S.K.: 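Structure provided below as structure tokens; questions to follow.
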Amino acid sequence: MTPPHPVTRLPRGGVPARAPEKGRPPGSSGTGGEDIDFEALRDALGALRDRERVAERLLASSARHSFDPDTELDWESPPVAGLWYWPPELVSLYDTPLWYRMSEEQRVDLSRHEAAALASLGIWFELILMQLLVRHIYDKAMTSSHVRYALTEIADECRHSMMFARAIRWTGAPAYPVSRRHHNLGRLFKTFSTTPGSFTATLLGEEVLDWMQRLTFPDERVQPLIRGVTRIHVVEEARHVRYAREELRRQMLTAPRWDREFTRLSCGEFARVFSVAFINPEVYTRVGLDRREAVAQVRASEHRRAVMRDGAHKLTGFLDGIGVLRGPARRMWRQSGLLA
């Protein structure tokens, strides 16, 4: 079975055109922009867009569509009895033999714990993202629109992390930190990742969860407060995805060859880590299920594999088009279950 609102498949991008050998982009112009011949720098999606103009449009959008979760959402409202905390089709055990043995109450409770676990994963990921963004702008012109938008995004992510933490407390479920191994791998990644690798990982963390949240906020079977949280996140994350995609396109054309190869490998590994960390097995214990049996059934679930592939489909189509999913990296993404 597939989720109730399947994502339209995107055509695969072709192999990106090779960046010109001559006329390599010079350094910063001192105004915050770069002296780049944008018509000369093209990939499978066409000519690159001017970095400053993209940032200015995103800043204008931020001014029109930013939210304060503390005042936008009714945190005093209690959960509505019988409503889900996550669409049932997106709950990890959906359509497994164990799912059909569970009571409706137990299924709803599992959705509550999985919503808390995903919010916990989101906080972990956004803490990494904020550090990567600060590193990215550290040596950029501080008065540029590109830097100003990055700071705006960091402010968004701070609010999102606080919103997720408050949502976890509202559900009454515990926080679910990632495993110690994944916590330390995240520490290594944020320390050693290069710029294109940082933006690839950013898109991985944002786009799969964004796809799920786009199914969640209009779903009237889901708790109103959870729908409100996902609506805010979807609206604001759309800008973050645009910023990351535009910058990654630029990096995959202008970064040294070793950096592009390192990006492919490091992000292939990050995809494998992300796909495992996406579900915290402790949620099964919390709702009275046998943890090993539940994990085994999730791994064997064709429905779950389809959910993860569909969630990543727009992203993998984009990454394929700009040359990220090549060689060993492609095999690693397939191993993660995010690429068919």
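As the structure is a prediction and not an experimental result, all values here were calculated from the model. Numbers here are sequence positions counted from 1.
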S.K.: Quick check: does any side chain N or O of Thr230 sit under 3.5 Å from a backbone N or O of Thr216, one acting as donor and the other as acceptor?
M.R.: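 No; zero donor-acceptor contacts below 3.5 Å.
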S.K.: Compare every heavy atom of Met308 with every heavy atom of Val208, then report the nearest pair and how far apart it is.
M.R.: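 Closest approach of Val208 to Met308: CG1-CE, 4.4 Å.
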S.K.: Test Glu89 against Arg221 for salt bridge (charged side-chain N to carboxylate O under 4.0 Å, His left out), laying out the working first.
M.R.: CA-CA 11 Å; Glu89 296 84 359; Arg221 298 172 298 172; 2.9 Å; yes
S.K.: Arg101: which residues meet the side chain to side chain donor-acceptor pair (under 3.5 Å) condition with it, sequence neighbours left out?
M.R.: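 Scan of Arg101 (side chain to side chain donor-acceptor pair (under 3.5 Å), adjacent residues dropped) gives Glu293.
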S.K.: Quick test of your reading: applying salt bridge (Lys or Arg N to Asp or Glu O under 4.0 Å), list the pairs with at least one residue in residues 146-156, sequence neighbours left out, ordered by first then second residue.
M.R.: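 For residues 146-156: Asp156-Arg159, Asp156-Arg239.
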S.K.: In plain terms, say whether Glu261 and Arg326 are close enough for a salt bridge, that is, a side-chain N and a carboxylate O under 4.0 Å apart.
M.R.: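 Looking at Arg326 together with Glu261, the answer is no, because their closest N to O distance does not fall below 4.0 Å.
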S.K.: For Tyr243 and His136, take the angle between the two ring planes, folded into 0 to 90°, and tell me which bin it lands in: parallel under 30, tilted 30 to 60, perpendicular over 60.
M.R.: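 Correct class here is perpendicular.
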S.K.: Measure the acute angle between the ring planes of Trp124 and Phe270, then classify it against the limits of 30° and 60° as parallel, tilted or perpendicular.
M.R.: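 Plane angle under 30°, so parallel.
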S.K.: How close do Gly197 and Cys267 get, heavy atom to heavy atom, and via which atoms?
M.R.: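 Of all heavy-atom pairs spanning Gly197 and Cys267, the closest is O-SG, 3.4 Å.
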S.K.: Please check: side-chain N/O of Gln223 versus main-chain N/O of Pro79, any donor-acceptor pairing under 3.5 Å?
M.R.: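 Not a single qualifying donor-acceptor pair exists.
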S.K.: Which one of Ile322, Leu248, Leu315 satisfies the side-chain contact (heavy atoms from CB on, under 4.5 Å) criterion with Thr200?
M.R.: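 Checked Ile322, Leu248, Leu315 against Thr200; only one passes side-chain contact (heavy atoms from CB on, under 4.5 Å): Leu248.
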S.K.: Taking Trp170 for the side chain and Leu225 for the main chain, is one N or O donor matched with an acceptor at less than 3.5 Å?
M.R.: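 No: the side chain of Trp170 does not pair with the backbone of Leu225.
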S.K.: Could you pull out all residues at least two apart from Phe274 that satisfy ring pair (Phe, Tyr, Trp, His ring centres under 6.0 Å)?
M.R.: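 Result, ring pair (Phe, Tyr, Trp, His ring centres under 6.0 Å) vs Phe274: Phe278.
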S.K.: Test side chain to side chain donor-acceptor pair (under 3.5 Å) on Glu126 and Ser161 and set out the steps.
M.R.: CA-CA 7 Å; Glu126 288 181 342; Ser161 295; 3.1 Å; yes
S.K.: For residues 108-117, run the donor-acceptor check on the side chains, cut-off 3.5 Å, and write out each pair with its distance to 0.1 Å, sequence neighbours left out.
M.R.:
| unit_1 | atom_1 | unit_2 | atom_2 | d |
| --- | --- | --- | --- | --- |
| Asp109 | OD1 | Arg112 | NE | 2.9 |
| Asp109 | OD1 | Arg112 | NH2 | 2.8 |
| Ser111 | OG | Tyr85 | N | 3.1 |
| Ser111 | OG | Val108 | O | 2.6 |
| Arg112 | NH1 | Thr171 | O | 3.1 |
| His113 | ND1 | Tyr176 | OH | 2.6 |
| Glu114 | OE1 | Ser92 | N | 3.0 |
| Glu114 | OE2 | Ser92 | OG | 2.4 |

S.K.: Which label fits His240 and His160: parallel for a plane angle under 30°, tilted from 30 to 60°, or perpendicular past 60°?
M.R.: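 Judged by the thresholds at 30° and 60°, the geometry between His240 and His160 is tilted.
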S.K.: Mind checking salt bridge (Lys or Arg N to Asp or Glu O under 4.0 Å) for Arg299 and listing every partner two or more places apart, or none if nothing turns up?
M.R.: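 In terms of salt bridge (Lys or Arg N to Asp or Glu O under 4.0 Å), with neighbours along the sequence ignored, Arg299 is linked to no residue.
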S.K.: Rounded at 0.5 Å granularity, tell me how far CG in Leu73 sits from CD1 in Ile232.
M.R.: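 Output value for this atom pair is 4.0 Å.
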S.K.: Give a yes or no answer on whether the side chain of Arg304 reaches the backbone of Gln297 with a donor-acceptor pair at less than 3.5 Å.
M.R.: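 Not confirmed, Arg304 side chain does not pair with Gln297 backbone.
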S.K.: On a heavy-atom basis, which atom in Leu133 and which in Ala150 lie closest, and how many Å separate them?
M.R.: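 Minimum heavy-atom contact is CD1-O, 4.3 Å.
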S.K.: Will you find, in the side chains of Ser193 and Ser198, an N or O donor that is under 3.5 Å from an N or O acceptor?
M.R.: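 Checked: Ser193/Ser198 side chains pair up, N/O donor to acceptor below 3.5 Å.
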S.K.: Can you pull out every ring pair (Phe, Tyr, Trp, His ring centres under 6.0 Å) where at least one residue sits in residues 46-71? Sequence neighbours excluded, please.
M.R.: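 Passing the test, one end in residues 46-71: no pairs.
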